[in-house]
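Notes to accompany the following structure.
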Amino acid sequence: MDPVTSALVRLLGRHAADPPQGRVADYIPELAVANAEAFAMSMVSVHGHVYEAGDVEQSFTIQSVSKPFVYALVLADLGLDEVSRHIGFEPSGEPFNAISLEPGTGRPANALINAGAIVATSLIAGTPEESFTRIREGLSAFAGRTLEVDEQVYLSEAETGDRNRALGYLTLSQGVLGRSAQEATDIYFRQCALRVTATDVAIMAATLANMGVNPVTRKPVVDEAAVRTTLSVMATCGMYDNSGEWMVRVGLPAKSGVGGGIAAVLPGELGLGVFSPPLDARGNSVRGMAALQETSERLGLHMFTPPGVHRSPVSASSVEEDRLILALRGELDFVAAEGIGRHLQEMAATFPLTAVDLDVTDVTVVRPIAAELLQATGRDLLARGIRLIPSDREKVPEAEGSRDGDSSKD
Ligand code: GLN
């Protein structure tokens, strides 16, 4: 197992061991049947590398995690000026199903509470069928595979969704809804009932991280301006009335759903998807939030601790006979170490190496997580008969077990 995957597996294990908290959503009756124990996390880099841990094969309904992606589609279709006539940008500080309409304009506060999401859905053009097809194909393009509707969950929500229909009629009465309330909410219920896995959500998030190009399929989904607006609204409103504290503690634009999923984005770097059905009183996955918070802390992913210098950590790489000479520079954080780890694995698979000389002279800072990942990569390589030898063991420790062998040879 590669070091990033094993870090994710260990992290999930720690949180799975905590006593279960929260309650599986039951206000949509069909959601109550979800497996409360299911727990998964996936991470996808903008290079399209997928790391998975836990129950990644288990699918669940996307629910509100669909909102930022549909918002991005409508922004891409209509542009910011037109969309902003219908939906605002302010955190409501209120629960997801609140009646947050701006006095004067009648616009819902933002696109990530239900009122704003229903309006966003209503703005996708065409007959109801065409509009839903655009949404399903758009979300499928974000995920890189065809997503299907869970008919049971759709029917269950359609039967019980009077509050959402009320929000539809209210926004219609304010003149901001794009079609009839009945049609808009019906399309919205279908959109919420699309089934995804944690990996789908992570790829969708990584497409936002990669400024609208799916990093796995390499296909463009939405333009950069749509992504920028979507990420801004996710950063300020994505976790409803918990959005401020989320930004402080986790520091990643995110969106939760009552199916137990959460998407989180580190712009320019990676997307994360987590899944665990039990929710807190605000409708956010309890374990999902805890796992994302720890991931952000341990891997140093908070948006407002950006790396000092943005450039490749590899300044030179050459092979001489059975040795790889790799020179690194700048700050080694999680993202840098993940890239270096993959480069080393690729080189080890391509050349018959026995050693890697890691020149760390120009490395300025080594984050603990980067040192840990490089050591784990060192252990992996050692198992394949390749020694990873840092030029300065104070900066980057050598993998355990290799030093003894080393001193006898030196
Ligand atoms: N379909 C759900 C609703 O509209 C989505 C809510 C959510 O996931 N927060 O009530």
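One-based numbering, in listed order, for ligands and for the atoms of each.
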Enumerated ligand 1 atoms positioned under 4.0 Å from heavy atoms of Asn164: 3 (C), 4 (O), 10 (O)
Asp359, Asp357, Val319 screened by side chain to side chain contact (heavy atoms under 4.5 Å, CB included) with Ile325, the one that passes: Asp357
Part of Tyr154 with heavy atoms under 4.0 Å of ligand 1, whether side chain, backbone, both or neither: neither
Distance-only N or O hit between ligand 1 and Ser256, under 3.5 Å: no
For Gln63, atoms of ligand 1 separated by under 4.0 Å from a heavy atom: 1 (N), 2 (C), 5 (C), 8 (O)
Heavy-atom nearest neighbour in the protein, as seen from atom 10 (O) of ligand 1, with distance rounded to 0.1 Å: Tyr27 OH, 2.6 Å
Under-4.0 Å heavy-atom contact with ligand 1, by part of Val258 that carries it: both
For ligand 1, the portion of Val65 having any non-hydrogen atom under 4.0 Å away: neither
side-chain contact (heavy atoms from CB on, under 4.5 Å) between Ser156 and Gln152, worked out: CA-CA 6 Å; Ser156 182; Gln152 236 72 37; over 6 Å; no
Atom 4 (O) of ligand 1 - nearest protein heavy atom and its distance: Tyr188 OH, 2.7 Å
Heavy atom of the protein closest to atom 3 (C) of ligand 1 (residue, atom name, distance): Glu157 OE2, 3.1 Å
Residues, nucleotides or ligands: over 12 heavy atoms within 6.0 Å of Arg14 CZ: yes
Residues, nucleotides or ligands: over 12 heavy atoms within 6.0 Å of Glu94 CD: yes
Tyr188 vs Lys67, side-chain contact (heavy atoms from CB on, under 4.5 Å): CA-CA, chis, key distance, verdict: CA-CA 9 Å; Tyr188 169 78; Lys67 293 169 179 174; 3.5 Å; yes
For Thr121, all residues meeting side-chain hydrogen bond (donor to acceptor under 3.5 Å, both in side chains), sequence neighbours excluded: Gln191
Any Asn114 heavy atom less than 4.0 Å to ligand 1: yes
Minimum-distance protein heavy atom relative to atom 8 (O) of ligand 1: Ser64 OG, 2.6 Å
Tyr240 and Asn110 side chains, donor-acceptor separation under 3.5 Å: no
Under the salt bridge (Lys or Arg N to Asp or Glu O under 4.0 Å) test, residues paired with Arg342 that sit two or more places apart: Glu338
Gly257 neighbourhood, listing ligand 1 atoms whose heavy-atom distance to it stays under 4.0 Å: 8 (O)
Contacting atoms of ligand 1, where contact means under 4.0 angstrom from a heavy atom of Cys192: 1 (N)
Beyond-backbone contact of Tyr71 with Val233, side-chain heavy atoms, under 4.5 angstrom: yes
